[in-house]
Chemist: 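This is the structure I want to talk about, given as structure tokens.
All values below come from the heavy atoms of this structure, side chains included, with hydrogens, waters and symmetry mates left out.
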Amino acid sequence: MVVLEHSFAQCTGNWRLVGSGEERTIRCDRCDCAYPATPEHRLAAIDENYAGIYLRRLTAEGLGQLESEKRENAD
């Protein structure tokens, strides 16, 4: 399985397909790390972007739950 590494470990950017024709690349919209847009890299980028979406949703859900519990305990 291909893994796309960012320029730094804490990067939370999304992978984007940029360029045209033979010069297409997969580039992170935060750290600017780039890879050739091979089929393997494109699939890895899609997988990582979906994982990021799910993590953001779970984080928001968890934050809401923590805030709700905090309000309940304050009463």
Side-chain angles (χ1 to χ4, degrees):
M1 179 176 156
V2 173
V3 176
L4 301 179
E5 298 289 336
H6 291 267
S7 294
F8 52 95
Q10 296 80 16
C11 183
T12 58
N14 287 309
W15 296 103
R16 306 282 185 216
L17 183 61
V18 296
S20 61
E22 297 293 320
E23 301 300 316
R24 295 188 101 177
T25 59
I26 302 291
R27 182 178 312 261
C28 176
D29 61 4
R30 291 219 178 154
C31 70
D32 273 344
C33 191
Y35 294 90
T38 64
E40 294 84 10
H41 287 153
R42 291 174 77 164
L43 288 174
I46 290 167
D47 288 346
E48 186 171 328
N49 285 346
Y50 274 121
I53 290 167
Y54 293 134
L55 287 173
R56 285 189 292 277
R57 287 181 184 170
L58 288 171
T59 299
E61 185 178 318
L63 181 59
Q65 187 173 0
L66 287 173
E67 289 173 351
S68 176
E69 290 175 3
K70 190 184 293 186
R71 283 191 302 271
E72 287 175 8
N73 292 333
D75 293 334

Chemist: Out of curiosity, Cys31 SG to Gln10 CD, how far, rounded to the nearest 0.5 Å?
Modeler: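 CD of Gln10 is found 11.0 Å from SG of Cys31.
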Chemist: Closest heavy-atom contact between Leu4 and Trp15?
Modeler: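 That closest heavy-atom pairing would be CB-CZ2, 3.5 Å.
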Chemist: Over all heavy atoms of both residues, which pair between Leu17 and Ala37 is shortest? Give the atoms and the distance, please.
Modeler: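 Looking at all heavy atoms of both residues, the shortest contact is CD1-CB, 3.6 Å.
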Chemist: Heavy-atom count around Phe8 CZ within 6.0 Å, excluding the residue itself: above 12?
Modeler: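 Enclosed.
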Chemist: Which heavy atom of Arg30 sits nearest to which heavy atom of Gly13, and what is that distance?
Modeler: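 Heavy atoms only, the tightest pair is CG-CA, 3.5 Å.
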Chemist: Considering all heavy atoms of both residues, which atom of Arg24 and which atom of Gly19 are nearest to each other, and what is their separation?
Modeler: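 Scanning both residues, the minimum pair turns out to be NE-O, 3.5 Å.
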Chemist: Going through the distances and angles, do Arg57 and Glu61 end up as a side-chain contact (heavy atoms from CB on, under 4.5 Å)?
Modeler: CA-CA 6 Å; Arg57 287 181 184 170; Glu61 185 178 318; over 6 Å; no
Chemist: Looking only at heavy atoms, which two atoms of Val2 and Glu40 are closest? And how far apart?
Modeler: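 The answer is CG2-CB, 3.7 Å.
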Chemist: If every non-hydrogen atom of Pro36 is compared with every non-hydrogen atom of His41, which pair is closest and at what distance?
Modeler: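 Taking every non-hydrogen atom into account, O-ND1, 2.8 Å.
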Chemist: So does Leu55 get a backbone contact from the side chain of Thr59, meaning a donor-acceptor N/O pair under 3.5 Å?
Modeler: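 At least one qualifying donor-acceptor pair exists.
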Chemist: Could you state the interatomic distance from OG1 (Thr12) to NE2 (His6), rounded to the nearest 0.5 Å?
Modeler: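 Interatomic distance, Thr12 OG1 to His6 NE2, rounded to 0.5 Å: 8.0 Å.
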Chemist: Quick one, Ser7 and Cys28 - any side-chain contact, counting heavy atoms below 4.5 Å?
Modeler: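 A side-chain contact under 4.5 Å is absent here.
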Chemist: Check whether any side-chain N or O of Tyr35 sits under 3.5 Å from a backbone N or O of Arg42 as a donor-acceptor pair, and report yes or no.
Modeler: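 Judged by distance alone, no pair lies under 3.5 Å.
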Chemist: Would you indicate whether the side-chain heavy atoms of Asp29 and Arg27 approach each other to under 4.5 Å?
Modeler: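 Not touching, per the 4.5 Å side-chain cut-off.
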Chemist: From Glu48 CD over to Ile26 CD1, what is the distance, rounded to the nearest 0.5 angstrom?
Modeler: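 Atom-to-atom, Glu48:CD and Ile26:CD1 are 11.0 Å apart.
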Chemist: From Arg71 CZ over to Leu66 CG, what is the distance, rounded to the nearest 0.5 angstrom?
Modeler: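 The distance works out to 11.0 Å.
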Chemist: For the CG atom of Asn14 and the CD1 atom of Ile46, what is their distance to the nearest 0.5 Å?
Modeler: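 Nearest 0.5 Å value for the CG-CD1 distance: 12.5 Å.
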